[in-house]
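Index from 1, following the sequence.
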Amino acid sequence: MRGATDMDEKTIEMGDEPVDIPDDTPVEDYVKYWLPGWLYDVLKWAGLLAIPACAAIYTGLASVWGWPFAGEVAQTAAIVSTGVGVLLGAAEATKKRGDAA
C-alpha cells in the first residue's frame, strides 16, 4: 500500500515495475523517445525474434514439403526485419532530454 508521501510522487513505467519519481526531480533529467515504449517493445520482439523465426521455419519446411516461394519469403522477412531495426535505431538515436521533445 502506498503511504501519504508516496501519493505526491509521479509514477512512470520502467519495464515491468513502476518507478516513483519525486516531485522535486527536474523533468530534464529523464529521456524522452518519439516511439512509445510499448510499441518499441513490440517492434523489437517482432524484428529480432518473430519475423526471422517465422522465415526460418517456413524456409526449412518449404524445402521438405515443396512449398513455393521459400527464397522470396526469406528475402522479404530479411527486408522487413531490417526495416524494423532501422526504425528502432532511429528511435534510439533521436531520444531527447526533458521537455525538448
Side-chain angles (χ1 to χ4, degrees):
M1 182 179 283
R2 299 178 70 167
T5 58
D6 289 340
M7 293 300 243
D8 297 332
E9 297 179 348
K10 300 175 195 113
T11 302
I12 62 169
E13 293 283 331
M14 302 246 349
D16 295 334
E17 300 280 330
V19 176
D20 288 331
I21 302 172
D23 285 335
D24 58 350
T25 303
V27 176
E28 295 82 28
D29 293 344
Y30 293 93
V31 176
K32 288 192 168 208
Y33 297 89
W34 62 269
L35 195 62
W38 66 269
L39 182 58
Y40 182 91
D41 292 339
V42 168
L43 288 175
K44 187 173 179 181
W45 178 82
L48 295 177
L49 295 173
I51 295 170
C54 289
I57 291 168
Y58 183 85
T59 304
L61 290 174
S63 65
V64 172
W65 294 101
W67 294 347
F69 308 115
E72 290 83 351
V73 168
Q75 289 176 344
T76 302
I79 292 167
V80 171
S81 187
T82 301
V84 169
V86 168
L87 184 64
L88 294 175
E92 183 66 28
T94 59
K95 64 185 173 186
K96 296 184 173 35
R97 288 237 168 235
D99 289 331

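If you chain together hydrophobic residues whose side chains sit under 4.5 Å apart, Ile57 and Ile51 never meet in one group. Val80 and Val86 are members of different hydrophobic clusters when ILVMFWY side chains are connected at heavy-atom separations under 4.5 Å. A continuous path of Ile, Leu, Val, Met, Phe, Trp and Tyr side chains, each step under 4.5 Å between heavy atoms, connects Val64 with Val73, placing both in one hydrophobic cluster. No path of Ile, Leu, Val, Met, Phe, Trp and Tyr side chains, each step under 4.5 Å between heavy atoms, connects Trp45 with Leu39, placing them in separate hydrophobic clusters.
Listed here is the closest heavy atom pair of Ala70 and Tyr58: CA-CE2, 4.0 Å. Nearest heavy atom pair, residue Thr59 against residue Ala74, reads OG1-CB, 3.7 Å.
A side chain to side chain donor-acceptor pair (under 3.5 Å) check over residues 81-94, counting only residues at least two apart or in different chains, returns the pairs Trp34-Thr94, Glu92-Lys95.
With sequence neighbours excluded, no residue forms a ring-ring contact (aromatic ring centres under 6.0 Å, His included) with Phe69.
Contact annotation: the side chain of Val84 never approaches that of Leu48 to less than 4.5 Å [non-hydrogen atoms, C-beta and beyond].
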